[in-house]
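Everything on this sheet refers to the single structure shown next.
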Amino acid sequence: DAASQSVESGIATLDSNGAMMNHVYLLATAAEIFLAGGHTQSASTSLDAAEALIERGGARFWEPELYRWRGEILCRSGAREEEAEAQFEKALAIAEQQGSGSLILRSAICLARLYAKTN
């Protein structure tokens with residue numbers, strides 16, 4: 001909870017200062033921290049903010065991470081596996097289009113973990 005509060009404070013500071021460099025990445029990382037702490041709504045809110053930044057011309061490089069973390073949220077919230085699978089597949093497809101090996105690997109690992117769980 002202390003980490004989540006620190007993250008929320010840091011995001012508010014970034015927003016108030018208009019800092020944009022790596023903001024999408026930081027919001028995706030914040031979602032990861034929120035999710036680790038069991039704060040799925042805060043994680044979703046962070047991803048929504050990151051997606052809005054991308055739509056306004058932010059760093060599209062990190063877009064696969066947004067879909068990957070949405071898939072993780074769905075997995076942990078007990079949603080249907082098909083919904084999480086769709087998010088992981090979208091993350092993987094975008095990462096492949098970008099040629100980003102590390103993001104391809106992250107997405108593929110999440111997808112494989114989901115397949116292993118359901119089989």
Side-chain angles (χ1 to χ4, degrees):
D1 284 339
S4 293
Q5 290 173 353
S6 292
V7 169
E8 288 173 350
S9 174
I11 291 170
T13 300
L14 284 172
D15 289 341
S16 69
N17 291 330
M20 293 297 289
M21 186 177 215
N22 291 319
H23 202 147
V24 172
Y25 170 73
L26 294 173
L27 287 167
T29 302
E32 179 179 7
I33 293 167
F34 288 136
L35 192 56
H39 303 280
T40 55
Q41 184 56 48
S42 294
S44 290
T45 300
S46 183
L47 293 175
D48 290 343
E51 189 174 342
L53 282 173
I54 287 174
E55 293 304 316
R56 291 194 323 247
R60 279 210 178 271
F61 177 79
W62 296 110
E63 188 175 16
E65 284 291 88
L66 305 184
Y67 290 104
R68 186 175 74 83
W69 283 113
R70 286 195 192 284
E72 287 292 334
I73 289 169
L74 289 167
C75 283
R76 295 180 192 186
S77 67
R80 293 184 11 238
E81 282 89 14
E82 295 84 12
E83 294 175 38
E85 181 180 15
Q87 295 298 307
F88 293 143
E89 287 176 347
K90 189 162 187 172
L92 185 57
I94 294 169
E96 287 173 340
Q97 286 174 347
Q98 294 174 345
S100 174
S102 64
L103 298 182
I104 291 169
L105 182 58
R106 288 179 187 184
S107 302
I109 288 170
C110 289
L111 193 55
R113 213 178 277 137
L114 178 66
Y115 289 156
K117 183 178 118 181
T118 58
N119 291 326

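- Rounded to the nearest 0.5 angstrom, Q87 CD and Y67 OH are separated by 7.0 Å.
- Hydrophobic clustering, with ILVMFWY side chains joined whenever heavy atoms are under 4.5 angstrom apart, groups I73 together with Y25.
- If you take OG on S107 and CD on E96, they are separated by 8.5 Å, rounding to the nearest 0.5 Å.
- Within the model, atoms OG1 of T29 and CD of E65 stand 7.5 Å from one another, a figure rounded to the nearest 0.5 Å.
- Residue I104 shares its hydrophobic cluster (ILVMFWY side chains chained together at separations under 4.5 Å) with F88, L92, L111, L114, Y115.
- The shortest heavy-atom contact between S46 and A30 is OG-CB, 3.6 Å.
- No side-chain heavy atom of E63 sits less than 4.5 Å from a side-chain heavy atom of Q97.
- A distance of 11.5 Å separates CG of L53 from CZ of R60, quoted to the nearest 0.5 Å.
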Q) After noting the C-alpha distance and the side-chain angles of E81 and K117, does the key distance pass the side chain to side chain contact (heavy atoms under 4.5 Å, CB included) rule? A) CA-CA 10 Å; E81 282 89 14; K117 183 178 118 181; 4.3 Å; yes
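- To the nearest 0.5 Å, atom CG of residue L26 and atom CD1 of residue I33 are 9.5 Å apart.
- Across A84 and G71, no two heavy atoms sit closer than the pair CB-O, 3.6 Å.
- At a threshold of 4.5 Å between non-hydrogen side-chain atoms, the residues E32 and W69 count as touching.
- In this structure, the separation between CG on L35 and CZ on R76 is 4.0 Å, given to the nearest 0.5 Å.
- Using a 4.5 Å heavy-atom threshold, the side chains of W62 and L103 count as touching.
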(Q) For a side chain to side chain contact (heavy atoms under 4.5 Å, CB included) check, start with the C-alpha distance between R113 and E72, then their side-chain angles and the critical distance, and finish with the verdict. (A) CA-CA 10 Å; R113 213 178 277 137; E72 287 292 334; 4.1 Å; yes
Q: Starting from the C-alpha separation in whole Å, work towards a yes-or-no answer on salt bridge (charged side-chain N to carboxylate O under 4.0 Å, His left out) for R70 and E51.
A: CA-CA 11 Å; R70 286 195 192 284; E51 189 174 342; 3.0 Å; yes
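- Ring geometry for H39 against F34 counts as perpendicular: the plane angle is over 60°, on a 0 to 90° scale with 30° as the lower cut.
- In the hydrophobic clustering of ILVMFWY residues, with side-chain heavy atoms under 4.5 Å counting as a link, L47 and I54 come out together.
- Ionic pairing of E89 and R68 is not present here: no N-O contact between side-chain nitrogen and carboxylate oxygen is shorter than 4.0 angstrom.
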